[in-house]
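Okay, so here's the structure we're looking at.
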Amino acid sequence: MSLTAEPQIVTAGGSAVLSWSSVNATACTGDGFNSGGATSGTASVTPTATTSYGVTCTNASGGSATGAVTVT
């Protein structure tokens, strides 16, 4: 699974778009943002300081995968 931010460096008050995707996952939970449970998608964030975001995806077998990205 993957989680990216564009741009990864924002100015004060600026926003970044997080994008995540997974293979064979049944649900994904965002850490620091609302993923809505979607196994792929985008979310806009407006950090006020350097912030790390993560996502954890699980599959039907109980396996999980995580991804993380930092926006400064």
Side-chain angles (χ1 to χ4, degrees):
M1 69 89 34
S2 67
L3 174 65
T4 60
E6 185 61 41
Q8 225 170 324
I9 299 175
V10 297
T11 57
S15 62
V17 175
L18 305 180
S19 300
W20 71 98
S21 62
S22 59
V23 177
N24 297 326
T26 54
C28 294
T29 302
D31 179 13
F33 71 100
N34 183 7
S35 69
T39 56
S40 64
T42 61
S44 181
V45 294
T46 307
T48 57
T50 298
T51 307
S52 293
Y53 299 95
V55 66
T56 300
C57 297
T58 55
N59 63 25
S61 302
S64 65
T66 60
V69 67
T70 300
V71 179
T72 55

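In this text the structure is predicted, and so the values were computed from the model without any measurement.
What you find for Tyr53 and Pro47 is that their closest heavy atoms are OH-CB, 3.6 Å. Residues Ala5 and Leu18 share a closest heavy-atom pair of CB-CD2, 3.7 Å. Here the closest non-hydrogen pair linking Cys28 and Ser22 is SG-OG, 3.7 Å. Nearest heavy atoms, Val10 versus Ala16: CG1-CB, 4.0 Å. Across Thr46 and Ser15, no two heavy atoms sit closer than the pair OG1-CB, 3.6 Å.
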Test side chain to side chain donor-acceptor pair (under 3.5 Å) on Thr42 and Ser19 and set out the steps. CA-CA 4 Å; Thr42 61; Ser19 300; 5.7 Å; no
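Expressed to the nearest 0.5 Å, how far CG of Asn34 lies from OG1 of Thr29 amounts to 9.5 Å. The structure places CG of Asn24 at 11.0 Å from SG of Cys57, a figure rounded to the nearest 0.5 Å. Atom-to-atom distance recorded for Met1:CE and Thr39:OG1 is 9.5 Å, nearest 0.5 angstrom.
Counting only N and O atoms by type, the side chains of Thr56 and Thr66 include no donor and acceptor under 3.5 Å apart.
Remark: side-chain polar atoms of Ser40 are not paired, donor with acceptor, to backbone N or O of Ser21 under 3.5 angstrom. Using modelled atom types, one side-chain atom of Thr26 and one backbone atom of Thr58 make a donor-acceptor pair closer than 3.5 Å.
The shortest distance between side-chain heavy atoms of Thr4 and Val69 does not fall below 4.5 Å. When side chains are defined from C-beta on, Phe33 counts as touching Trp20, because their heavy atoms get closer than 4.5 Å.
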